[in-house]
Amino acid sequence: MSDNLAIARVLAETADLLELKEANPFKIRAYRNAAETIANTGERVAAFDEARLRELPGVGRDLAARIREIVETGDAGVHRELVAEFPPTILELLHLQGVGPKTAATVYRELGIGSLDDLERAARAGQLASVRGMGPKKTALILRAIDERRRHASRYLAPEVADTAAALIARLQEAAPGADFTPVGSLRRGAETCGDLDILAVGAPPSLMDAFTGDRLVERVLGRGETKASVLLHGGLQADLRLVPPGSRGAALQYFTGSKAHNIALRDRALARGLTLNEYGLFDAATSAPVASETEEAIYAALGLPFVPPELRENRGEIDAAAAGSLPRLIERSDLRGDLHAHTTATDGRDDIETMALAARAAGLEYLAITDHSQALAMANGLDERRALAHAARVREVGRRLDGITLLAGIECDIRPDGTMDLADDCLAELDLVIASVHSAFNQEASQMTDRLRRAIACPYVDIIGHPTGRLLLRREPYQLDLDAVLHDAAAAGVALEINSQIERRDLNDVQARLARDRGITLTIATDAHARGAFSLLRWGVQTARRAWLTADDVLNTRPIEAFRASLRRHRRPAAR
DNA sequence: GCCGTTTTCGGCCCGACTGTTTTCAGTCG
């Protein structure tokens with residue numbers, strides 16, 4: 001998995017460096033497209049031969065050879081040569097707000113500036129003004145951007161951005177009561193993290209820009225026009241507001257929701273039909289006569305497509321599937337009948353069994369698995385066999401007392417570093433459901449970690465693998481793992497894989513969950529709740545599942561309780577060994 | 001460098017905003 005990202009990085013860097021050299025822009029785009037494609041491919045591209053590589057969209061003869069070269073040697077000659085032409089830190093410049101390839105190339109060529117530090121020194125010394133096209137304002141902007149880069153993270157968890165969006169939109173709505181506001185961009189597509197916040201305002205007066213740029217969250221205004229403004233919020237998040245007239249609502253929603261790759265593919269499709277698409281509508285290319293603009297449905301329809309849900313708009317095959325009428329009916333939050341992963345005060349949860357059960361019921365769930373930690377997690381007061389069974393008895397007792405919610409007595413059992421389970425088989429066999437998770441020794445080699453998970457899957461009492469890659473968004477990389485091998489075993493054993501809904505986990509991620517489903521594995525969507533308020537987190541797991549093209553049938557906990565029980569691994573296969 | 005219901009050659013998505021330009025280039029999304 002991670003080597004897909006490594007390959008993509010070499011290709012993307014090649015594109016960046018080609019840009020510095022002012023190479024053919026279409027060649028640059030080709031490298032960038034291929035990088036994107038590979039980063040979003042679920043299977044390990046390293047295992048593909050040239051013919052298989054060329055089946056990937058945007059990968060032709062040359063790029064297939066480049067990719068094989070990267071797989072075999074760890075780098076591509078073309079990349080190595082480009083790297084040698086510039087200081088290794090040159091790409092820092094390219095990623096700075098307001099600095100693009102032209103500026104970076106110019107300051108490097110004329111002033112020998114090859115790093116952020118160089119650039120800052122030159123700007124402070126007033127040397128940038130000697131470069132054509134650079135004045136005092138540009139210099140000040142660059143100094144500011146450097147400062148901001150050092151102070152702020154570059155990406156934010158999407159649920160946090162969603163909160164910010166809601167607060168901001170509430171105030172904008174007061175300023176323009178008749179207008180219609182929608183968060184668009186990556187937020188609407190259900191992404192895990194956001195680089196910025198995009199808000200679309202339909203039917204608002206131009207004075208709305210005052211409310212936006214003057215909002216109390218705004219640290220400074222990056223740019224402001226009649227229909228578009230950008231601001232930097234306190235904390236470093238950039239927010240963009242776009243104003244469009246009501247007649248362009250659908251076109252603007254479509255355009256600003258993206259993704260960029262989806263929109264480019266869609267415009268391609270428009271051109272092939274003699275149409276042109278922009279944020280104001282779909283038009284006849286020859287006569288400029290409007291064809292569609294008021295709703296997204298009308299625009300897709302005019303392009304011969306059904307509505308494509310925003311979560312699918314990543315140019316991962318959704319346009320072909322739409323054209324073929326084979327888009328999935330995506331899972332929705334209301335399809336979920338149960339939550340399968342929750343903690344209580346018995347270990348590191350904040351609420352007791354009954355409080356959690358009532359909160360789950362209030363959240364509209366029909367069943368809840370209580371899955372506290374096992375003994376290896378000493379700092380969470382993890383349960384040994386004796387406590388686990390006593391806890392299970394209490395869960396069942398509470399379950400018998402409560403109406404409208406069925407409780408399952410489970411455990412989140414640690415997978416020890418050697419792959420053995422943290423609790424004895426006869427204890428696990430007594431429980432209704434077992435999640436097996438890695439919480440320690442994250443730095444094992446890929447082969448060791450892969451064996452560890454395969455051993456866990458081989459244990460007949462393991463029903464679900466919890467947060468299977470261990471990543472923490474923006475904080476911790478997934479552990480090294482041969483996911484292909486793990487998927488193979490999970491499919492063969494009938495073990496489900498979790499989509500953990502914690503906002504910093506979303507683990508499995510969209511690409512991995514889609515691949516797992518394609519391999520015949522059933523997924524679960526679970527909160528990993530540690531308090532009564534956590535059931536609302538299911539929303540984020542559902543978003544990841546939708547981005548993975550999952551339907552309700554692909555997810556175990558959409559089933560009614562009896563069907564759910566029957567489809568657990570322990571009830572499907574003999575538990576003897 | 002990719003790609004083909006116009007095409008194996010000649011195309012390749014499109015518009016807003018800013019700063020420096022005296023008519024437009026660079027950046028961004």
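No hydrogens, no waters, no symmetry mates; every other heavy atom, side chains included, goes into these values. Lettering of chains follows the sequences in order, A, B, ..., and the numbering in each one begins at 1.
One finds no salt bridge joining A/Asp482 and A/Arg44 here, because no Lys/Arg side-chain nitrogen approaches an Asp/Glu carboxylate oxygen to under 4.0 Å. Between A/Arg242 and A/Glu279, at least one side-chain N (NZ, or NE/NH1/NH2) sits under 4.0 Å from a carboxylate O, which counts as a salt bridge.
Of the P atoms belonging to B/dT20 and B/dA25, the separation is 16 Å, rounded to the nearest Å. Going from the P atom of B/dA16 to that of B/dT21 covers 25 Å, rounded to whole Å. Separating the C1' atom of B/dG1 from that of B/dT8 is a span of 15 Å, rounded to the nearest Å. A gap of 29 Å separates the P atoms of B/dT18 and B/dC12, to the nearest Å. Comparing B/dT22 with B/dC17, their P atoms sit 23 Å apart, to the nearest whole Å. Rounded to a whole angstrom, the distance from the P atom of B/dT6 to that of B/dG11 is 16 Å.
Side-chain atoms of A/Asn263 and A/Gln254 include a donor-acceptor pair closer than 3.5 Å. Side chains of A/Arg313 and A/Ser259: no donor on one and acceptor on the other come within 3.5 Å. Side-chain polar atoms of A/Thr41 and A/Asn4 form no donor-acceptor pair below 3.5 angstrom.
When heavy atoms are screened at a 4.0 angstrom cut-off, A/Leu266 is found touching no nucleic acid atom at all.
Between A/Asp510 and the options A/Arg517, A/Arg316, A/Arg546, a salt bridge (Lys or Arg N to Asp or Glu O under 4.0 Å) holds for only A/Arg316.
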Would you mind writing out the side-chain donor-acceptor pairs for residues 199-213 of chain A within the sub-3.5 Å range, not counting sequence neighbours?
from, atom 1, to, atom 2, distance (Å)
A/Asp210, OD1, A/Arg224, NH1, 3.0
A/Asp210, OD1, A/Arg224, NH2, 2.8
A/Thr213, OG1, A/Met209, O, 2.8
A/Thr213, OG1, A/Arg224, NH1, 3.4

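Contacts between residues 73-90 of chain A and DNA chain B, defined by a heavy-atom separation below 4.0 Å, involve no residue at all. Contacts between residues 284-297 of chain A and DNA chain B, counted as heavy-atom distances below 4.0 Å, involve no residue at all. In the region residues 211-225 of chain A, proximity to DNA chain B at under 4.0 angstrom, judged on heavy atoms, holds for A/Gly223, A/Arg224, A/Gly225. For DNA chain B, the residues of residues 22-37 of chain A within the heavy-atom distance limit of 4.0 Å (strictly under) are A/Asn24, A/Phe26, A/Lys27, A/Arg29, A/Ala30, A/Tyr31, sorted by number.
Contacts classified as side-chain hydrogen bond (donor to acceptor under 3.5 Å, both in side chains) and involving residues 181-200 of chain A (residues at least two apart or in different chains) are given here: A/Arg155-A/Thr193, A/Arg188-A/Thr257, A/Arg188-A/Glu296, A/Arg189-A/Glu314, A/Glu192-A/Arg471. Sorted by first then second residue, the salt bridge (Lys or Arg N to Asp or Glu O under 4.0 Å) pairs that include residues 255-264 of chain A, not counting sequence neighbours, number zero. Residue pairs that meet the side-chain hydrogen bond (donor to acceptor under 3.5 Å, both in side chains) test with at least one member in residues 49-61 of chain A, sequence neighbours left out, are A/Glu43-A/Arg52. Applying the side-chain hydrogen bond (donor to acceptor under 3.5 Å, both in side chains) test to pairs two or more places apart or on separate chains, those with a residue in residues 94-109 of chain A are A/Asp16-A/His95.
Side-chain N or O atoms of A/Asp335 include none that pairs as donor or acceptor with a backbone N or O of A/Ile331 at under 3.5 Å. A side-chain donor-acceptor contact under 3.5 Å links A/Gln512 to the backbone of A/Asn509. Under a 3.5 Å cut-off, the side chain of A/Ser230 and the backbone N or O of A/Asp240 do not form any donor-acceptor pair. At least one donor-acceptor pair under 3.5 Å links the side chain of A/Asp118 to the backbone N or O of A/Gly114.
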Seminar exercise, completed: A correct 5'-to-3' footprint of nucleotides 24-29 of chain B, with B, S and - meaning base, sugar-phosphate only and no protein heavy atom under 4.0 Å, is --SSSB
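Pairing partner, B/dT8: none, since no Watson-Crick or wobble contact has both distances short of 3.5 Å.
Comparing B/dC2, B/dA16, B/dG19 by their closest approach to the side chain of A/Thr227 singles out B/dA16.
In A/Glu36, the CD atom is not crowded: 12 or fewer heavy atoms of neighbouring residues, nucleotides or ligands sit closer than 6.0 Å.
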Close N/O contacts between protein and nucleotides 5-11 of chain B (under 3.5 Å):
from, atom 1, to, atom 2, distance (Å)
B/dT6, OP1, A/Ala272, O, 3.4

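Residues forming a salt bridge (Lys or Arg N to Asp or Glu O under 4.0 Å) with A/Glu332 (at least two apart in sequence, or on another chain): none.
Residue-to-nucleotide proximity on DNA chain B shows that, of A/Gly58 and A/Leu141, the 5′-proximal contact is made by A/Gly58.
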